[in-house]
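Some notes on the structure that comes next.
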Amino acid sequence: GILITAVVFIVICMLGGLFGASLANLINVIVIYVALIACMIAGLHNLGGWDAFIASANAIPDSTTAGGSWLSLTGGLSLATIASYFVSEPGNRISTQSNTQRALAAKDSRTARRGIIIAALDTIPVCFISAIFGIIAKIQFPDVPTAQAMSIVITSLNPFLSGIGLAGLWAVNVSSGVALLMACVQLVCFDVLAPLRRDKTKPVAKSQSRIVLFVIGAVTLACAYLATDIVKTILLCITPAFFLAMISMMYFPRLLKKHTMVITQAVAYVFFFAWLFIPAVKAAFPTPIYVEWPLCVAVFFLCYIFDKEP
């Protein structure tokens, strides 16, 4: 499955480029919503309708982690857990290369700010749909792992709807993967190789970008098989610095000074590699992200206070 997905990513990018990636995203958003809504309705129908769903959810013997109702907006999770989501998730979403590149490619700063807000609002219905899938899975398959809840419910439907639902889930991966792959190719080709290339003609640049695309795709595939946990840890730990950069550039540019982001990112990398290679640091801070966030925020505002160059 990973290999087939990687091939699809590379083919879309190689044949369509940025335009192909944009078209794929547009089509995939439609596929995702149609598939998830259709499968959610079918899943509720299998339970006997919305009223039966409510009754079954309230009858689940083991309640949520905080002792609240499965249908409560706030009772199912502790306040600390909810706060942690609000703190961590904006950083994870805004700081990805694909989202960063889209924002920076907007025609003006106002469009970039609106685009991020609209994209965030666009995900809200999916969050509620996913929660309903999770409760349906808890009712029908009490022992299913949380990460597999949606796919298990979808595959329990009739073959036609199962196919549509799985296509919707795969569309999520395709949209994310294609956007990230094209963003990485652009970053390498335009920011690294273009200044070094003597032949500036379009055919040479096109051939070079395809080679870079294939190499990055192969490296990504290898990481997916061999180093998933390492890559996740690295991305998680460098997230705070990039999040502060994007938010300040778009919404609070007055907070930025000349050396702010260089110093903030340098501190983030220094701490991460210290945590990675020094056992004492890893023992003191088992989860580095909880140190990275306050450290980066503190450095960011210290630069604002003491850096005199705007």
Side-chain angles (χ1 to χ4, degrees), residues 18 83-84 86-120 179-198 200 205 208-209 212 216 230-278 281 284-285 287-310:
L18 284 173
S84 69
F86 275 94
V87 170
S88 62
E89 284 307 301
N92 293 337
R93 299 295 168 257
I94 293 177
S95 59
T96 60
Q97 175 62 25
S98 58
N99 292 335
T100 300
Q101 193 166 14
R102 288 168 184 163
L104 297 179
K107 64 179 182 179
D108 53 43
S109 59
R110 185 180 182 184
T111 303
R113 290 193 293 267
R114 285 183 174 180
I116 288 180
I117 294 173
I118 291 171
L180 287 169
L181 195 53
M182 285 304 305
C184 291
V185 171
Q186 262 202 320
L187 188 67
V188 173
C189 289
F190 286 90
D191 294 347
V192 179
L193 298 180
L196 303 175
R197 192 172 61 243
R198 294 182 179 179
K200 305 292 185 180
Q208 190 179 70
S209 65
V212 171
I216 292 177
I230 296 175
V231 172
K232 285 181 179 179
T233 303
I234 293 173
L235 292 177
L236 189 65
C237 289
I238 65 175
T239 288
F242 283 100
F243 171 75
L244 290 171
M246 287 300 299
I247 288 297
S248 56
M249 280 192 297
M250 290 188 296
Y251 297 100
F252 310 103
R254 292 183 180 180
L255 294 178
L256 285 173
K257 296 299 179 71
K258 184 175 182 179
H259 306 99
T260 298
M261 293 322 305
V262 173
I263 295 175
T264 304
Q265 290 184 6
V267 170
Y269 281 115
V270 167
F271 173 78
F272 171 69
F273 284 110
W275 177 86
L276 192 62
F277 294 111
I278 301 175
V281 177
F285 308 106
T287 308
I289 189 63
Y290 293 120
V291 180
E292 285 275 7
W293 268 107
L295 182 63
C296 288
V297 170
V299 171
F300 181 89
F301 283 104
L302 286 173
C303 290
Y304 171 70
I305 296 170
F306 295 106
D307 191 350
K308 302 304 180 183
E309 296 186 59

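All values below were derived from every heavy atom in this structure, side-chain atoms included, with hydrogens, water molecules and symmetry-related copies excluded.
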Pair up each side-chain donor or acceptor in residues 297-310 with any protein partner under 3.5 Å, not counting sequence neighbours, and list the distances.
{"from": "Asp307", "atom 1": "OD1", "to": "Glu309", "atom 2": "N", "distance (Å)": "3.1"}
{"from": "Asp307", "atom 1": "OD2", "to": "His259", "atom 2": "N", "distance (Å)": "3.0"}
{"from": "Asp307", "atom 1": "OD2", "to": "His259", "atom 2": "ND1", "distance (Å)": "3.1"}

* Asked: Are any side-chain N or O atoms of Trp293 and backbone N or O atoms of Pro240, one a donor and one an acceptor, separated by less than 3.5 Å?
  -> no
* Locate the shortest heavy-atom distance separating Phe285 from Trp275; write the atom from each residue and the value. => O-NE1, 2.6 Å
* Asked: What distance do Phe271 atom CZ and Leu276 atom CG have between them, rounded to the nearest 0.5 Å?
  -> 11.0 Å
* Asked: Shortest non-hydrogen contact from Met261 to Ala241?
  -> CE-O, 3.1 Å
* **Selection residues 244-254 - residue pairs positive for side-chain hydrogen bond (donor to acceptor under 3.5 Å, both in side chains), sequence neighbours left out** => none
* Set of residues satisfying side-chain hydrogen bond (donor to acceptor under 3.5 Å, both in side chains) with respect to Gln208, sequence neighbours excluded -> Arg197
* Residue list, side-chain contact (heavy atoms from CB on, under 4.5 Å) with Phe252, at least two apart or on another chain -> Ile247, Leu255
* Structure fact -> Note: Ala274 and Val281 closest approach over all heavy atoms is O-CB, 3.8 Å
* Walk me through it: do Cys296 and Val267 pass the test side chain to side chain contact (heavy atoms under 4.5 Å, CB included)? => CA-CA 7 Å; Cys296 288; Val267 170; 5.8 Å; no
* Validation row: Arg114, Ile117 side chains within 4.5 angstrom (heavy atoms) -> no
* Can you run down the salt bridge (Lys or Arg N to Asp or Glu O under 4.0 Å) pairs that involve residues 262-275, sequence neighbours left out, and say none if there aren't any? => none
* Asked: Between atom CD of Glu292 and atom OH of Tyr269, what is the distance when rounded to the nearest 0.5 Å?
  -> 10.0 Å
